[in-house]
2 protein chains.
Amino acid sequence: MLSPQHIFLDYLLKNKMAATEQRRVVLEVFLDADEHWSCEQLYLEVIKKDSTISSATVYRTVKLLVESGVAEQLCFGDGVLRFEPRFNRPHHDHFVCINCKNKIDVVDERIEKLQQCLAEKHGFLLTRHKMILYGICSDCRKK
Amino acid sequence: MLSPQHIFLDYLLKNKMAATEQRRVVLEVFLDADEHWSCEQLYLEVIKKDSTISSATVYRTVKLLVESGVAEQLCFGDGVLRFEPRFNRPHHDHFVCINCKNKIDVVDERIEKLQQCLAEKHGFLLTRHKMILYGICSDCRKK
DNA sequence: GTTATTGCAAAGGCTTTGCATGGGG
DNA sequence: CCCCATGCAAAGCCTTTGCAATAAC
């Protein structure tokens with residue numbers, strides 16, 4: 001399987017875009033993200049590696065990451081778009097604790113299959129999905 | 001079962017808020033929404049009934065609708081928050097066509113049950129969830 | 001009458017964009 | 001060398017907020 005770096009560079013090449021140092025830095029920092037980062041958070045990490053990179057470039061590069069399929073855009077409803085790598089980790093859904101705001105990755109193969117069935121039943125060609133479960137996590141329930 | 005109107009007025013009463021004409025109009029227009037409306041769309045409908053109502057009031061009232069449980073906030077990732085009534089219709093999830101942008105309501109009881117199981121398996125207390133399926137709808141597939 | 005609510009306009013936060021400069025192919 | 005990508009700052013978009021006027025209770 002191709003690496004995210006390879007996929008992204010391929011995408012740039014195919015679209016006659018330059019593989020600039022800034023884009024490489026943003027990609028590397030993004031792939032290290034173990035959370036669902038906003039562009040702002042990503043920018044704050046990026047300038048630790050290269051303080052001359054502007055937030056505009058981060059926003060522009062993140063768009064390219066999404067277009068190339070390396071990043072997935074998430075929307076938890078808090079007014080900020082968030083992003084996560086699509087390739088370093090398998091597909092998963094999200095549980096968001098409405099108390100402590102913690103976000104945990106979850107996955108259930110049976111649900112995945114039923115989503116496919118549901119789509120087919122309606123004649124849809126399912127390309128991707130997002131599922132967010134809201135509630136109270138086990139830690140917060142104990143308190 | 002209580003009507004949305006009743007629930008909303010109860011909520012206002014309990015929180016010592018006034019049942020103003022503006023709030024009543026926004027609620028009525030909102031309940032007629034057969035789509036997932038943004039505040040902007042809702043505002044455009046509201047001023048057809050009363051052109052003196054400001055968009056600020058619509059934004060403020062929609063927040064109250066969510067807090068009272070009459071409205072549910074949705075986030076399809078297009079930079080706008082959308083809302084839909086929670087009481088005129090049963091719970092459902094969404095299918096979004098990435099081609100024609102049409103949004104269709106779907107529901108699958110087996111998925112609902114598995115979501116509960118999945119939450120329990122992780123010790124979560126599940127209060128609600130959102131599931132959005134992205135793909136190409138049957139109409140667009142024919143073209 | 002007192003207090004909450006409104007409309008207006010201005011400000012806010014996040015994101016995009018125009019433009020001149022600088023770097024990649 | 002040409003053109004794309006960048007940084008900067010300004011603008012855009014959706015949403016919130018401060019304030020004086022107004023209406024609800």
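Residue numbering restarts at 1 for every chain, and letters A, B, ... go by the order of the sequence lines. Side chains are part of it too, since the values below use all heavy atoms of this structure and drop only hydrogens, waters and symmetry mates.
Of the possible polar contacts, one joining the B/Gln73 side chain to the A/Gly77 backbone as a donor-acceptor pair under 3.5 Å is found. For B/Arg82 (side chain) and B/Phe76 (main-chain N/O), no donor-acceptor pair under 3.5 Å exists by modelled atom type.
Members clustered with B/Tyr59: none, using a 4.5 Å side-chain heavy-atom cutoff among hydrophobic residues. Apart from A/Leu126 itself, the hydrophobic cluster it occupies contains A/Phe95, A/Ile104, A/Val106, A/Ile111, A/Leu114, A/Leu118, A/Phe124, A/Met131, A/Leu133, B/Phe95, B/Ile104, B/Val106, B/Ile111, B/Leu114, B/Leu118, B/Phe124, B/Leu126, B/Met131, B/Leu133, where clustering links Ile, Leu, Val, Met, Phe, Trp and Tyr at side-chain heavy-atom distances under 4.5 Å.
Residues B/Gly79 and A/Leu12 both approach DNA chain D. Their nearest nucleotides, taken by heavy-atom distance, put A/Leu12 toward the 5′ side. The 5' end of DNA chain C is approached more closely, in terms of each residue's nearest nucleotide, by B/Lys16 than by the other of B/Lys16 and B/Ala56.
Partners of A/Arg60 by salt bridge (charged side-chain N to carboxylate O under 4.0 Å, His left out), not counting sequence neighbours: none found. Taking the side chain to side chain contact (heavy atoms under 4.5 Å, CB included) definition, one finds that A/Ile53 meets it with A/Gln22, A/Val25, A/Val46, A/Asp50, A/Thr57, A/Val58, sequence neighbours left out. For the ring-ring contact (aromatic ring centres under 6.0 Å, His included) test, no residue two or more places apart in sequence or in another chain qualifies with B/Tyr134. A search for salt bridge (charged side-chain N to carboxylate O under 4.0 Å, His left out) contacts involving B/Glu72 returns nothing, not counting sequence neighbours.
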Distance-only donor-acceptor pairs under 3.5 Å for side chains of residues 12-21 of chain B, two or more places apart:
{"unit_1": "B/Asn15", "atom_1": "ND2", "unit_2": "B/Tyr11", "atom_2": "O", "d": "2.7"}
{"unit_1": "B/Thr20", "atom_1": "OG1", "unit_2": "B/Arg23", "atom_2": "N", "d": "3.3"}

Polar atom pairs between nucleotides 20-25 of chain D and protein, under 3.5 Å, N or O only, would you list them?
{"unit_1": "D/dC25", "atom_1": "OP1", "unit_2": "B/Ala19", "atom_2": "N", "d": "3.2"}

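Applying a 4.0 Å cut-off to non-hydrogen atoms, the residues of residues 38-54 of chain A that approach DNA chain D are A/Thr52, A/Ile53, A/Ser54, listed by residue number. Within residues 60-73 of chain B, the residues that place at least one heavy atom under 4.0 Å from DNA chain D are, in residue-number order, B/Arg60, B/Lys63.
Counting to the nearest Å, the C1' atom of D/dG7 and the CZ atom of A/Arg23 are 14 Å from each other.
Residues A/His94 and B/His129 keep their aromatic ring centres 6.0 Å or farther apart.
With a cutoff of under 4.0 Å to any heavy atom of chain A, the contacted region of DNA chain C is bounded 5' to 3' by C/dC14 to C/dG25.
At its two ends the helix from C/dG1-D/dC25 to C/dG25-D/dC1 runs along axes set 30° apart, each axis drawn from five pairs and the angle rounded to 10°.
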